[in-house]
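These notes are about the structure you will find just below.
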Protein chains: 2
Amino acid sequence: MPTSDSHASMADVARRAGVSVATVSRALHGSPLVSVETAARVTAAAEELSFAISRVASGLASGRLGRIGLLLGGPLHGWFNGTVIDAVHDRLTPADVELTIFRIRDRAERDVFFTRLPARRNVDALIVASFALTGAEHTRLQTLGVPLVYLNQRVRGVPSVAIDDVAGARDGVRGLLGLGHRRIAFVRSVQRNPGFRYSADRRVEGFRSAMAEAGVAERDQLVVDAHDLDAGDEVLATVLTRSEPPTAVAADSDELAIGILAAVVRAGLRAPDDLSLLGFDDHALAGRLGLSTVAQPAALTAGEAADLALTLAAGRVPARRTIVVPTRLILRRTTGPVAPRAAA
Amino acid sequence: MPTSDSHASMADVARRAGVSVATVSRALHGSPLVSVETAARVTAAAEELSFAISRVASGLASGRLGRIGLLLGGPLHGWFNGTVIDAVHDRLTPADVELTIFRIRDRAERDVFFTRLPARRNVDALIVASFALTGAEHTRLQTLGVPLVYLNQRVRGVPSVAIDDVAGARDGVRGLLGLGHRRIAFVRSVQRNPGFRYSADRRVEGFRSAMAEAGVAERDQLVVDAHDLDAGDEVLATVLTRSEPPTAVAADSDELAIGILAAVVRAGLRAPDDLSLLGFDDHALAGRLGLSTVAQPAALTAGEAADLALTLAAGRVPARRTIVVPTRLILRRTTGPVAPRAAA
DNA sequence: CTGTTAGCGCGTTCAC
DNA sequence: GTGAACGCGCTAACAG
């Protein structure tokens, strides 16, 4: 019988099944070294005692924790982070690996994380999502002693899964150019805490690249900073009060674009008639709102990262250490040819 | 020196500091039983060896895992679940407790969870969010052997933190009634997988209660089912093609309401001029889109649940085992007095 | 204040 | 195919 009123231990199961703890362990892990009859007896005994292997004990003995960490910046309820958590969890579950969330909110928490490294000796692998890590931080992570996988971020020598932000933004802007737009503004979200988004600058780069390619001089490449996801009105005002206002606006995220879209409606204007609007991400609401966007398959990216982490955690060698996931331009109802009023 | 090329152990630190492992343990946990000089020596040695206490070993020895589980249904990137993860994580971090996510996507995963109880012997407490648990499931959870906290769900005898869905919906509908609306439709999200949202039915109940209170007969209380968050057009059509179409629509979630709002705009109509629209939750986008709503402070609710879980996990007795968090009606731009065209 | 002695519950050699 | 013995790295109870 169990030692106390709490949980049954493997020894209890062993006693009940009339075998040794070693056999119980093997049977419960589905080892082929155990005869079917014995395995059945053990399984039955475990069932009757409501026994479950303790992950801590097992982890201590085997050195494998059965847990993968996910390091995130920013709010977990944002579209990107939420999607990532979802996708990673879905890949880990079938492998019977658990997910532990590490989140960094601000500079202070960030320093604490990299100082204490709470993931140390605590996860089998760590997925690092969308940070713009400093060199020092990156070096520090290397001392963690567990495999790392970078998500939406490229660093030489570290396994990573990422979209090509430059190409994505470039394709999006090319799409606008293809619709005849020449005066295009790019709206960039400026975080209060720099370093929390790896992609931001690269998307601006893609914009500039497409514009240059179309022969637009750098000084005519309008880049507007949004200091807040709710800065829609402000951005719209900035843009529309120019002497030659743009005919299209590309934002570096859908969440930002949606805010601008709302501002457009509030201003009594219409998209795309008065202004074409393009987002980035393919946020869950983008389709519902008809927002044109550069879709990044975040779920896929995160899923690949999880697979990579699982492989590394198991000590196996992955087929590819660096994976680039493609983006895709989706034109919905907020983009249209330039000067549609003349055409109508 | 460390045994292998991997991590330093407590014994290594003890050797280096010239003390016993017990003292190292005490020092690193900030026990007052250790003299300051000794503690300093230990801390220094640990630092030099990049030593960090292994949570597994510590958990095995102490019986305290330093980890709290969060059981969720539905997508983790949805507004509610995302906000909950955020808030719970924020409360656990200062207590140096980690967060492990358990997510159930469908019936099958649900059965697996309650059969295997992967949280067993694996977390110090479990927060169960927004499920409509069956009696059997609830009973099964009791056998888990760890403290439970129910979030947005009330069950006798179990510690819980929840909003009052009935009162929330009632207040919302009362608000519409106060604006002169009498023909009000309530849109309810019908999940493919029943049992994944505890609140749904209770919000309908609140609607009925407010309507009855205003003297509207039950057969005139229009309840429309939305089988999908994208069913905006469908819902709008159902509602507007009635012989006496409602002047206001209340949805049981903001995500649903936003879909309806988009449908309204697509139909060339305007809110609130042609139709008043009320949501529920106060989703991050609600404010941005001007959506009137019944706000539920999900972050607060989840935070309280986390605190409760921490208290219970530590074996302490909480001040209150049952907490009800208030909702608040926020009227923004999608609701207005009935028949504003006549008034204009 | 510090060291010693036992485990915590399981995995993993080895024998048999 | 199965069992015995040892160790994973730390905490806890008791001595001193």
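Protein chains get the first letters and strands the later ones, always in sequence-line order, with residue 1 at the start of each.
- Distance, B:Leu60 CG to D:dA12 C1': 13 Å, rounded to whole Å.
- In terms of polar N and O atoms assigned as donor or acceptor, the side chain of A:Arg64 never comes within less than 3.5 Å of the base of C:dG11 in a complementary pairing.
- Going from atom CG of B:Leu65 over to atom C1' of C:dC8 covers 12 Å, rounded to whole Å.
- The CG-P distance, from B:Leu28 to D:dT11, rounds to 8 Å in whole Å.
- Within the structure, ring pair (Phe, Tyr, Trp, His ring centres under 6.0 Å) contacts touching residues 27-77 of chain A (residues at least two apart or in different chains) do not occur.
- Using a 4.0 Å cut-off, no side-chain N or O of B:Ser62 falls inside it from OP1 or OP2 of D:dC10.
- The side chain to side chain contact (heavy atoms under 4.5 Å, CB included) test with B:Leu151 is passed by exactly one of B:Val128, B:Val84, B:Leu308: B:Val84.
- At the phosphate of C:dC10, neither OP1 nor OP2 sits under 4.0 Å from any side-chain N or O atom of A:Arg55.
- The phosphate of C:dC10 (OP1 or OP2) has no side-chain N or O of A:Ser25 nearer than 4.0 angstrom.
- A straight line from CG of A:Asn122 to P of D:dC8 spans 20 Å, rounded to a whole angstrom.
- Each of B:Thr23 and A:Ile53 was assigned the nucleotide of DNA chain C with the nearest heavy atom; the assignment lying further toward the 5' end belongs to B:Thr23.
- We find that B:Arg107 and B:Asp111 are joined by a salt bridge, their nearest charged nitrogen and carboxylate oxygen being less than 4.0 Å apart.
- D:dA4 atom P lies 12 Å from atom CZ of A:Arg15, rounded to whole Å.
- Between the P atom of C:dC8 and the CZ atom of B:Arg121 lies a distance of 12 Å, rounded to the nearest Å.
- Nucleic acid contact for A:Val24: none, since no nucleic acid atom lies under 4.0 Å from a heavy atom of the residue.
- As judged by a 4.0 angstrom heavy-atom cut-off over every strand, A:Ser58 is placed among residues touching the sugar-phosphate backbone only.
- Separating the CG atom of A:Leu33 from the C1' atom of C:dG11 is a distance of 13 Å, rounded to the nearest angstrom.
- Taking the nucleotide of DNA chain C with the nearest heavy atom to each of A:Arg26 and B:Val19, the more 5' of the two is matched to B:Val19.
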